[in-house]
Amino acid sequence: MKSEPGEFSIDDLQQCAHQTEPWDGVRNYQARNMMRDKMKMGDLVFFYHSNCDKPGIVGIARIVKEGYPDDTALDPNHHHFDPRSDPVRPRWFMVDVQFVRKFTRTIALTELKECPSLENLALTRRGNRLSVMPVSEAQWNFILSLE
DNA sequence: GCCAACGTTGGC
DNA sequence: GCCAACGTTGGC
């Protein structure tokens with residue numbers, strides 16, 4: 001899961017109440033479908049810092065609440081308001097993520113791109129802009145071994 | 001359904 | 001700040 005550290009970093013997640021936050025504001029259907037349908041209680045995710053000095057994977061979080069409606073889409077005063085969503089048929093969903101741990105170092109995007117065994121990783125594929133994307137078990141284990 | 005225009009993402 | 005790559009919008 002990607003986040004701009006200037007908006008919400010892994011340190012922010014570690015420091016907030018219960019070290020848990022709703023992953024709100026995702027307004028992309030593919031990413032929404034993953035949060036709504038695929039992510040299950042207890043699943044682990046990599047926390048990725050995007051749009052910053054050193055883009056890369058910075059740690060691990062855990063899904064502690066499965067997909068539910070993103071209420072920021074229903075709040076006219078909210079930055080992420082979407083008038084096409086409504087309470088009866090919510091358009092956007094989110095999950096709650098809990099801090100697990102921060103890596104001892106950032107595993108940089110440049111480094112991930114150099115790994116032949118990660119050539120099929122969604123993150124390193126050309127032009128990818130998804131904010132939530134899948135990681136296979138083999139990819140997960142390999143990335144962990146890089147730390 | 002096509003596709004041009006536009007907005008966003010995000011690495012660099 | 002630049003710009004490639006993509007998603008969305010909306011006219012037709």
Side-chain angles (χ1 to χ4, degrees), chain A residues 1-16 19-39 43-63 65-136 138-147:
Chain A
M1 304 181 85
K2 289 185 191 171
S3 184
E4 302 189 13
E7 295 294 321
F8 187 74
S9 71
I10 193 162
D11 297 320
D12 294 328
L13 181 62
Q14 183 172 13
Q15 287 158 21
C16 66
Q19 300 187 317
T20 300
E21 277 284 313
W23 201 268
D24 62 22
V26 172
R27 298 291 180 268
N28 170 282
Y29 290 104
Q30 267 184 275
R32 176 206 66 183
N33 292 347
M34 276 184 275
M35 292 200 298
R36 188 188 59 187
D37 308 329
K38 301 289 188 197
M39 301 175 89
D43 283 354
L44 297 177
V45 299
F46 286 131
F47 198 116
Y48 178 88
H49 280 176
S50 68
N51 213 358
C52 58
D53 284 349
K54 190 175 180 182
I57 300 172
V58 292
I60 296 175
R62 177 193 297 117
I63 305 305
K65 183 172 180 179
E66 293 179 8
Y68 64 106
D70 180 345
D71 52 13
T72 65
L74 304 172
D75 176 1
N77 297 316
H78 197 282
H79 175 59
H80 292 303
F81 176 62
D82 182 351
R84 298 166 303 175
S85 192
D86 82 78
V88 178
R89 275 187 61 84
R91 178 176 298 241
W92 303 114
F93 286 74
M94 58 188 176
V95 295
D96 284 0
V97 302
Q98 181 176 48
F99 178 81
V100 173
R101 71 184 181 92
K102 185 178 175 178
F103 288 162
T104 54
R105 67 185 192 89
T106 297
I107 302 174
L109 177 63
T110 52
E111 185 178 348
L112 298 171
K113 283 179 173 174
E114 288 170 2
C115 297
S117 51
L118 295 178
E119 64 181 356
N120 291 321
L121 186 68
L123 179 69
T124 51
R125 307 210 72 159
R126 191 172 66 100
N128 195 340
R129 291 166 38 199
L130 272 182
S131 60
V132 180
M133 60 186 82
V135 180
S136 75
Q139 290 164 342
W140 177 273
N141 290 329
F142 180 82
I143 290 168
L144 278 185
S145 78
L146 295 175
E147 184 191 5

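Each chain gets a letter, A, B and so on, in the order its sequence line appears, and its residues count up from 1.
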inquiry  = I'd like to check Val132(A) versus Met39(A) (side-chain heavy atoms, cut-off strictly below 4.5 Å). Are they in contact?
reply    = yes

Do any side-chain atoms of residues 86-98 of chain A form donor-acceptor pairs under 3.5 angstrom with protein atoms, and if so which ones, sequence neighbours left out?
{"residue": "Asp86(A)", "atom": "OD1", "partner": "Val88(A)", "partner atom": "N", "Å": "2.7"}
{"residue": "Asp86(A)", "atom": "OD1", "partner": "Arg89(A)", "partner atom": "N", "Å": "3.1"}
{"residue": "Arg91(A)", "atom": "NH1", "partner": "Tyr29(A)", "partner atom": "OH", "Å": "2.8"}
{"residue": "Trp92(A)", "atom": "NE1", "partner": "Asp82(A)", "partner atom": "OD2", "Å": "2.7"}
{"residue": "Asp96(A)", "atom": "OD1", "partner": "Tyr68(A)", "partner atom": "OH", "Å": "2.5"}
{"residue": "Gln98(A)", "atom": "OE1", "partner": "Arg62(A)", "partner atom": "NH1", "Å": "3.1"}

ask   = Taking 4.0 angstrom as the limit, do Arg27(A) and Asp70(A) come out as a salt bridge?
value = yes

task = Nearest 0.5 Å please: distance from the CZ atom of Phe81(A) over to the CG atom of Leu74(A).
result = 8.0 Å

Comparing Asn51(A) and Arg129(A) on DNA chain C - which has the more 5′ nearest nucleotide = Asn51(A)

note = Separation between CD1 (Ile60(A)) and CZ (Arg101(A)), nearest 0.5 Å, reads 4.5 Å

Gap between atom CH2 of Trp140(A) and atom CZ of Phe46(A) - 0.5 Å precision = 4.0 Å

note = As a check of understanding: the bend across the helix from dG1(B)-dC12(C) to dC12(B)-dG1(C), end axes from five pairs, rounded to 10 degrees, works out to 10°

ask   = Checking all strands, does Lys54(A) fall into the base, sugar-phosphate, or nothing category for heavy-atom contacts under 4.0 angstrom?
value = nothing

ask   = With sugar-phosphate meaning primed atoms plus P, OP1 and OP2, does Arg125(A) contact a base, only sugar-phosphate, or nothing at under 4.0 Å between heavy atoms?
value = nothing

Where chain A begins and ends its contact with DNA chain C, read 5' to 3' at 4.0 Å from heavy atoms = dA5(C) to dT9(C)

note = One should read off an interatomic distance between Thr124(A) OG1 and Met133(A) CE, to the nearest 0.5 angstrom, of 9.0 Å

Side chains of Asp12(A) and Ser9(A), donor plus acceptor under 3.5 Å = yes

